[in-house]
Structures are given as C-alpha cells and as structure tokens.
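This report refers to the structure that appears directly beneath it.
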Protein chains: 2
Amino acid sequence: MSESRAGSGGQGRVGGNLTWQAVRAEAIRRIREREWMPGSRIPDEAELAAELGCARATVNRALRDLAAEGYLERRRKGGTRVPETPVRKATFEIAVIRQDVEARGHRHGYRLLGDETGAAPDEIASALGLPKGTPLRHVRALHLADDAPFCLEIRWLNPELVPPERAVFDALSANEWLLRNLAYSAGSFGFSARTADAELAALMACPEGAALLAMDRTTFMDAVPITAATLIYREGYRLATTM
Amino acid sequence: MSESRAGSGGQGRVGGNLTWQAVRAEAIRRIREREWMPGSRIPDEAELAAELGCARATVNRALRDLAAEGYLERRRKGGTRVPETPVRKATFEIAVIRQDVEARGHRHGYRLLGDETGAAPDEIASALGLPKGTPLRHVRALHLADDAPFCLEIRWLNPELVPPERAVFDALSANEWLLRNLAYSAGSFGFSARTADAELAALMACPEGAALLAMDRTTFMDAVPITAATLIYREGYRLATTM
DNA sequence: CAGCGGATTAAGTCTATACATAATCCGATC
DNA sequence: GATCGGATTATGTATAGACTTAATCCGCTG
C-alpha cells in the first residue's frame with residue numbers, strides 16, 4: 001500500500017502522494033483516538049490537504065467516503081464534524097433466491113403454488129399507493145433447497161406491467177423474472193419475524209409455531225408500482241453481512 | 001446517438017458540463033431499456049466521456065457509484081459490464097437502541113438484568129476467535145419503550161477492554177457505552193427469527209411461542225475481539241430501509 | 001498443446017485549477 | 001430587536017493530464 005516517496009514535504013507531515021485510502025485511515029485513527037472529539041468540527045479539506053501533503057480532491061474523496069459510512073457528518077459551509085452518537089451503515093446484498101440457495105451449496109428447486117388475479121387486500125393496495133380494490137395478480141411459490149422448503153414467496157403484481165400471458169412463473173420464479181425483466185427499480189423493504197401457522201408450517205415443513213424470518217418489499221419503477229412481496233424463509237435462516 | 005437524448009435528468013447536455021448524476025441517470029436508462037444488455041460489456045470510460053461530452057473522471061465517478069450499488073460490474077482491463085443477474089445492495093442504518101426508540105416517538109427506558117464475568121460458552125468464544133473457556137463479561141439488559149419491553153440485549157464482552165470497574169452499565173447501556181467509547185470497530189452481523197421460550201416471553205411481555213426478530217453481532221477493533229451481542233426485539237418489530 | 005511472460009488495455013487514482021452551491025454570518029434596514 | 005439580503009466559506013463538482021495497477025490478450029517457447 002502507501003509508500004512514502006521523497007516528496008517535498010517537511011518533517012511533521014506524512015510523506016507525499018497519499019492515496020485517499022491512506023487519508024481515510026488517518027482520519028479513522030484520529031476519530032478513534034479522540035484526536036477529533038465527538039461533536040467537534042474537524043479541520044477543513046484545504047487545511048488537511050496542506051497538512052497531509054496531498055490535493056484537496058484526495059481529502060474530499062476520503063471524507064466523503066467516511067461520511068457515507070456514518071463516520072462523519074458533512075455540510076456545506078458547516079464543515080465536517082464527528083457525530084456525537086454515530087449511526088453506522090451496514091450493507092446487505094440482496095440476491096436472487098436461486099443464487100442464494102446455490103451459494104449455500106444446495107440445488108435450487110421451485111414450485112408454483114398459485115397464480116390468479118383479483119382485488120388486492122387493502123394494506124397491499126395502500127402500500128403500493130393504489131386505490132382500494134385495485135385488481136392485482138397474486139402469486140405464491142415455494143423455493144426449495146435440495147428438495148427441502150427454503151423460502152415461500154408471496155407476491156402481488158401490477159398486472160399491466162406483469163401480465164399473466166407475458167410472464168409465466170411455472171418454471172422461472174417471479175423473483176427472478178422481475179429481476180431479469182424489470183431490473184433496477186426502487187422501493188423499500190424490511191425484516192420481521194413471523195410465527196408459522198398451520199398452513200405455513202405445512203408448506204415450510206416446520207413445526208407449527210416456529211419462528212420464521214420474513215422479508216417484505218415493495219418496488220416501484222419511476223413511481224409506478226410493480227410489486228409487493230413477502231419472502232418467508234425456512235426455520236433457522238440467518239441473513240448475514242459484515243461491516 | 002449524437003445529441004438526441006431527450007428528457008433524462010435536469011441538464012440539457014450540449015457543450016459539456018454534465019454532472020456525474022446525469023451520467024449516472026443516463027447509464028441507468030440504458031441498462032433499463034436494454035440498450036446495454038445484461039452480460040454485455042459497455043463502452044469504456046474514455047468512449048463514454050467523448051460521447052457524452054464530459055471528462056473521463058466524471059464518467060468514472062458515475063460508473064463507480066453504480067458498481068457500488070450493484071448495477072454494474074467493473075474490472076481493470078476487463079472493462080465494465082451489466083451483470084447477468086444483478087445483486088442489489090441495500091443499506092441499513094444501525095443506530096443506538098435509545099435513538100431507535102426515541103425516533104419511534106417513545107420514551108426510552110433501561111434495566112440492567114445481570115452483569116458477571118465467567119467462562120464463555122464455546123460458540124461465543126469461537127465466534128470471537130478466543131480459546132475455549134476464556135473468561136468473558138456477560139451482561140444482560142432490557143431496553144424499554146414507554147415502559148414496555150422493546151429489546152433484550154445479551155452480550156459477552158472482552159473484560160480487558162471493557163472492565164467492570166471502568167464501564168458500569170446500570171444507567172448507560174453497554175450498547176451505548178461501546179459506541180461512545182470504542183466506536184468504529186468492524187465485525188459481522190446477521191438477522192434471524194427466534195421463538196420466545198418461557199423466560200423470554202416473561203421478559204418481553206409477549207406470549208410464549210411468539211416470533212421475535214433477533215440481531216446478532218460480533219465486533220472487533222484491529223482484530224482484537226470486543227464483544228459478541230444478541231439483540232432480541234419485541235414482537236412485531238420491523239427493521240426497515242429503502243433502496 | 002500447455003505454460004510462461006511481456007505488451008496492452010481499461011479502470012483506479014492524484015494533481016491543480018476553476019467554478020457551483022448551500023449555509024452561515026453579519027451588517028443594514030424597518 | 002427581528003428580518004432580510006448580501007458577503008463569506010466549506011463542501012461539491014468538473015476538467016485535463018499524467019501516472020499506476022490489475023487483467024487480459026497473445027505470441028513465443030518447450
């Protein structure tokens with residue numbers, strides 16, 4: 001990584017030609033060691049650039065990166081400060097279910113359970129910003145890992161964007177079809193826990209009353225609702241990441 | 001296409017000064033409209049810069065951003081391509097529990113349930129990379145929202161970094177103490193669902209057998225283990241984000 | 001044909017400079 | 001003294017040019 005080159009710099013400063021990662025690391029060090037106190041304002045970019053002996057753009061890149069992760073707060077003219085109580089940001093990778101299964105070393109299987117169009121439940125319609133009773137396509141399917149239930153997919157779809165004639169989910173899951181055909185939409189999602197009722201227990205081959213991890217999503221494309229979905233994972237599933 | 005692009009974004013191009021967000025938006029448009037096919041390689045930065053009439057650094061910023069979100073895959077010399085099956089990235093904000101409670105409009109309360117030092121269970125020791133039987137400080141506490149149980153915090157701590165004399169958790173939670181005093185460490189975490197047994201049901205004031213969302217974390221500072229924690233949230237808790 | 005190594009390529013980065021923009025500060029005004 | 005508006009300021013962004021680095025490509029060799 002960073003080597004000090006001869007560089008013009010004086011003595012008290014770190015050698016010339018710092019990479020932005022080196023600046024980043026130095027900033028983290030100062031935060032951790034309370035050289036920059038929580039709540040306080042840190043020197044501005046120009047000062048740091050001069051002190052460290054690099055271009056302001058390099059400092060900018062480093063501090064912008066740290067701000068994105070929650071290590072710093074920046075405001076125009078307001079300067080950059082260390083947050084009093086930091087809010088760390090963690091990133092999850094949301095893959096296609098099939099990939100998730102395969103990444104865990106299992107064979108992915110898929111079974112379509114139902115697919116019909118009818119009036120949406122009120123809470124689904126409102127989550128998608130549609131008037132009550134709007135007809136939506138309702139699809140249920142089960143994803144398998146080595147023939148064992150892995151994830152139940154319950155979904156409501158905008159029938160204009162995903163018409164039953166054009167999008168058939170008996171072989172390819174809606175999950176994957178959407179990602180391939182309407183990829184790159186925006187929306188919200190959340191995680192919660194759900195108790196397996198008799199029906200769910202039968203589908204997921206788990207004891208009635210088991211706790212299952214559920215992930216719900218709504219997705220839009222340019223403010224047009226596409227789908228609201230709930231994915232219910234098998235007992236013991238753990239969604240992991242690092243930060 | 002020389003100059004016919006309509007609508008997209010705010011700026012008309014002509015003569016330069018596209019913002020990197022405009023370049024980003026244009027790239028997303030091409031991906032969505034299959035102008036750039038999944039799996040295919042897109043023009044390199046220099047070409048795009050020439051085509052769009054901006055500097056290569058601007059294109060770089062836009063494409064780097066998209067790659068970070070999973071819209072594109074980039075490799076040196078390999079060029080930039082549209083992933084066959086995209087892996088979207090979603091970001092959660094991990095706040096201090098007190099803040100989470102207050103953000104939901106409740107008064108935060110806190111009750112220390114226990115705090116003693118003893119040999120760690122094997123799976124905790126191994127998660128932290130410590131030899132079996134290493135003594136760890138074991139802390140349990142309950143976070144309240146308007147006097148109702150909100151989150152149970154179960155934690156093992158490295159007693160050298162968090163000695164019982166120096167860090168007392170009867171008023172300030174370990175959760176918050178750590179963030180204030182050993183902020184900015186790295187680690188992994190995951191979400192899962194857990195069934196409330198009799199003890200948990202009593203603590204969380206929920207029916208026995210209820211499904212609860214659990215978040216587990218291990219954190220390190222420069223490879224030195226700090227803590228392994230499990231946070232068990234009240235029934236019905238939903239962790240949400242947007243993407 | 002397999003394997004090695006150098007040439008080539010495209011992304012990654014740093015620099016210096018300039019201008020844009022959002023906040024804040026501060027003094028003038030009512 | 002409260003309000004408005006302009007000066008100030010730190011971050012945000014764009015640009016051209018040069019250099020670095022990781023991968024790939026490809027031709028040479030055994």
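We name chains A, B, ... by the order of the sequence lines, and we start the count at 1 in each one.
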Q.
Check A:Arg104 with A:Asp100, please: is the shortest side-chain N to carboxylate O separation under 4.0 Å?
A.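 A:Arg104 and A:Asp100: salt-bridged.
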Between atom [atom1] in [X] and atom [atom2] in [N], what is the gap in whole Å?
| X | N | atom1 | atom2 | value |
| --- | --- | --- | --- | --- |
| B:Arg41 | D:dC25 | CZ | C1' | 11 Å |
| A:Glu47 | D:dA10 | CD | C1' | 11 Å |
| B:Leu52 | D:dT15 | CG | C1' | 15 Å |
| B:Arg76 | D:dA23 | CZ | C1' | 10 Å |
| A:Gln21 | D:dT20 | CD | P | 16 Å |
| B:Leu48 | C:dA10 | CG | P | 12 Å |
| A:Asp65 | D:dT11 | CG | C1' | 16 Å |

Nearest listed nucleotide, side chain of [X], among [options]:
| X | options | value |
| --- | --- | --- |
| A:Glu45 | C:dT13, D:dT13, D:dG12 | D:dG12 |
| B:Lys77 | D:dA10, D:dA23, C:dT15 | D:dA23 |
| A:Thr80 | C:dC14, D:dT11, C:dG12 | D:dT11 |
| A:Trp20 | D:dG12, C:dC14, D:dA14 | C:dC14 |
| B:Thr19 | C:dC14, D:dA22, D:dA14 | D:dA14 |
| B:Arg64 | D:dA10, C:dT13, D:dT15 | C:dT13 |
| A:Thr58 | C:dA23, D:dT13, C:dT15 | C:dT15 |

OP1, OP2 of [N] versus side-chain N and O of [X]: anything below 4.0 Å?
| X | N | value |
| --- | --- | --- |
| B:Asn60 | C:dG12 | yes |
| A:Arg61 | C:dC14 | no |
| A:Arg75 | C:dT24 | yes |
| A:Arg74 | D:dG12 | yes |

Q. Taking for each residue the nucleotide of DNA chain C with the nearest heavy atom, is it A:Gly78 or A:Ala55 whose nucleotide lies nearer the 5' end?
A.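 The answer here is A:Ala55.
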Q. Is A:Arg81 touching bases, backbone alone, or none of the nucleic acid, heavy atoms closer than 4.0 Å?
A. nothing
Q.
So B:Arg56, base contact, sugar-phosphate only, or nothing? Heavy-atom distance under 4.0 Å.
A.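 Contact class for B:Arg56: base.
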Q: Kindly indicate, with the supporting measurements, whether the criterion side-chain contact (heavy atoms from CB on, under 4.5 Å) is fulfilled by A:Leu48 and A:Leu63.
A: CA-CA 11 Å; A:Leu48 281 172; A:Leu63 299 189; 4.1 Å; yes
**Q.** CD (B:Glu33) with more than 12 external heavy atoms under 6.0 Å
**A.**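 More than 12 within 6.0 Å, yes.
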When the side chains of residues 89-97 of chain A are checked against the rest of the protein, which donor-acceptor pairs come out under 3.5 Å, sequence neighbours left out?
none

Q | Residue list, ring pair (Phe, Tyr, Trp, His ring centres under 6.0 Å) with B:Tyr237, at least two apart or on another chain | A |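 Only B:Phe150, B:Tyr233 meet the ring pair (Phe, Tyr, Trp, His ring centres under 6.0 Å) criterion with B:Tyr237.
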Q | Heavy-atom closest pair, residues A:Asp216 and A:Phe189 | A | O-CB, 2.9 Å
